[in-house]
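Before any comments, here is the structure.
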There are 2 protein chains.
Amino acid sequence: MVRGKTEIKRIDNDVSRRMSFVKRRAGLLKKANELAVLCDVDLGVLVFSDHGAGAGQPSDYCSPHTSWSELIQRYETITNVQLQDTYDDEDEDADDQMFMFKEIVGLRRERDRLQASLRRQTGEDLPSGATKEELDTLDQQLELALAKVRERKDKLMDQQLDESYHKVTVIL
Amino acid sequence: MVRGKTEIKRIDNDVSRRMSFVKRRAGLLKKANELAVLCDVDLGVLVFSDHGAGAGQPSDYCSPHTSWSELIQRYETITNVQLQDTYDDEDEDADDQMFMFKEIVGLRRERDRLQASLRRQTGEDLPSGATKEELDTLDQQLELALAKVRERKDKLMDQQLDESYHKVTVIL
DNA sequence: TTTGCTATGTATAACAG
DNA sequence: TCTGTTATACATAGCAA
């Protein structure tokens, strides 16, 4: 933050504001991940790119071992505040049913989307029209995942070696 | 962050972990506010203090001019694609409601399971108690996926080379 | 436990290509 | 618009009281 303290007010310049947005959003999501992992807590971050009824995809982070739906449910339970809008018209029953119906439709779609992602991620079902860029991205993701798995395996082996070593010293 | 780089893994010491949690949570919420104000965007942060079904009140931040319910609604609207299916407004009885309710519960569970699989598959969230066998299986799956992606890339390259070749022959 | 300090690592505003 | 660099502000781990 060069040149004096950063005053916390809307950045007027469009270019600067967008640049700041991209950088700070990345920073926020990174911090969120660090907090979740270091302190072993559940949390979620949800960021929309433009504050109108915007077009852009939101970014979000959800800590390991949980999910947005779970976070929201817990929040509701604890605060006793209803976060998800329920329809509040004259005919409550019909509106409840409408809500549930939409929920089911949405959930089925999301399930399908997730299943497709999973199939793609396991190479079972690569999109036939995939471009080189898409394949490269997937390749990188898989390499990264593989590196993480192997790092974990190495740690596990080291741990076991260490245990064996201790056993040996005890025996000796 | 005195004494060497901070490795991003669970802090084992209880006292240190709680201290870090309080400090980092404050930092995260502050950053969230700065991002919302400086860049004029909508966002929310939700943090639970302990990751069990815990007792602690959650902390949250929600950007000015919006609310959690609005954020969640927008997120669902955008993420779930369109909810264009028609809703049958006939009288539905309690059995139907029960059915729908069970369907929702089941679908949410499945979604969570799929999200977890996906995170595991991308190495984002390897189960902490994973055995060597599990890790080996995952390793093999990833290798397989990588091989398929690369095979596809090779085909794509060959195809493009082939096209170039034909162009050349036509020109000649 | 909570508060405050400080050395050091990190995030990022401004700029350049 | 995106990417990389750098100087500076900011966040925070480890202590101490």
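Letters go in sequence order (proteins before strands), and every chain restarts at 1.
What separates CG of B/Leu29 from P of D/dT12 is a distance of 11 Å, to the nearest Å. Between B/Lys31 atom NZ and D/dA9 atom P the separation is 14 Å, expressed in whole Å. The distance between atom CD of B/Glu7 and atom C1' of C/dT10, rounded to the nearest whole Å, is 17 Å. Between the P atom of D/dA9 and the CD atom of B/Glu34 lies a distance of 15 Å, rounded to the nearest Å. In this structure, B/Asp14 atom CG and C/dT1 atom P are separated by 9 Å, rounded to whole Å. To the nearest angstrom, C1' of D/dA11 lies 13 Å from CG of A/Leu38. Distance CG (A/Asp12) to P (C/dA13): 15 Å, rounded to an integer number of Å. Atom-to-atom, CZ of A/Arg17 to P of C/dT12 comes out at 17 Å; the value is rounded to the nearest Å.
The pair A/Asp154-A/Arg150 does not count as a salt bridge, with every side-chain nitrogen at least 4.0 angstrom from each carboxylate oxygen. Using a cut-off of 4.0 Å between Lys/Arg side-chain N and Asp/Glu carboxylate O, B/Arg108 and A/Glu70 are scored as not salt-bridged.
Across every non-hydrogen atom of B/Leu118 and A/Ser117, the tightest pair is CD2-CB, 3.8 Å.
Nearer to the 5' terminus of DNA chain C, by closest-nucleotide assignment, is the contact made by B/Val15 (compared with the other of B/Val15 and A/Leu28).
In this structure, B/Ser63 contributes its side chain and B/Leu43 its backbone to a donor-acceptor pair below 3.5 Å.
On a pure distance criterion of 3.5 Å, a polar donor-acceptor pair joins the side chain of B/Lys23 and the base of D/dA13.
Proximity of A/Arg18 to the phosphate of D/dC2: no side-chain N or O atom is located under 4.0 Å from OP1 or OP2. Listed pair A/Arg24 / C/dA13 meets the phosphate criterion, a side-chain N or O lying under 4.0 Å from OP1 or OP2. In this structure, B/Lys30 does not reach the D/dC10 phosphate: none of its side-chain N or O atoms is under 4.0 Å from OP1 or OP2.
Between B/Phe48 and A/Tyr75, the ring planes lie perpendicular to each other; the angle is over 60°, past the 30° to 60° tilted range.
The side chain of B/Met19 lies closest to C/dT3, out of C/dA16, D/dG14, C/dT3.
Here A/Ser16 lies out of heavy-atom contact (under 4.0 Å) with every strand.
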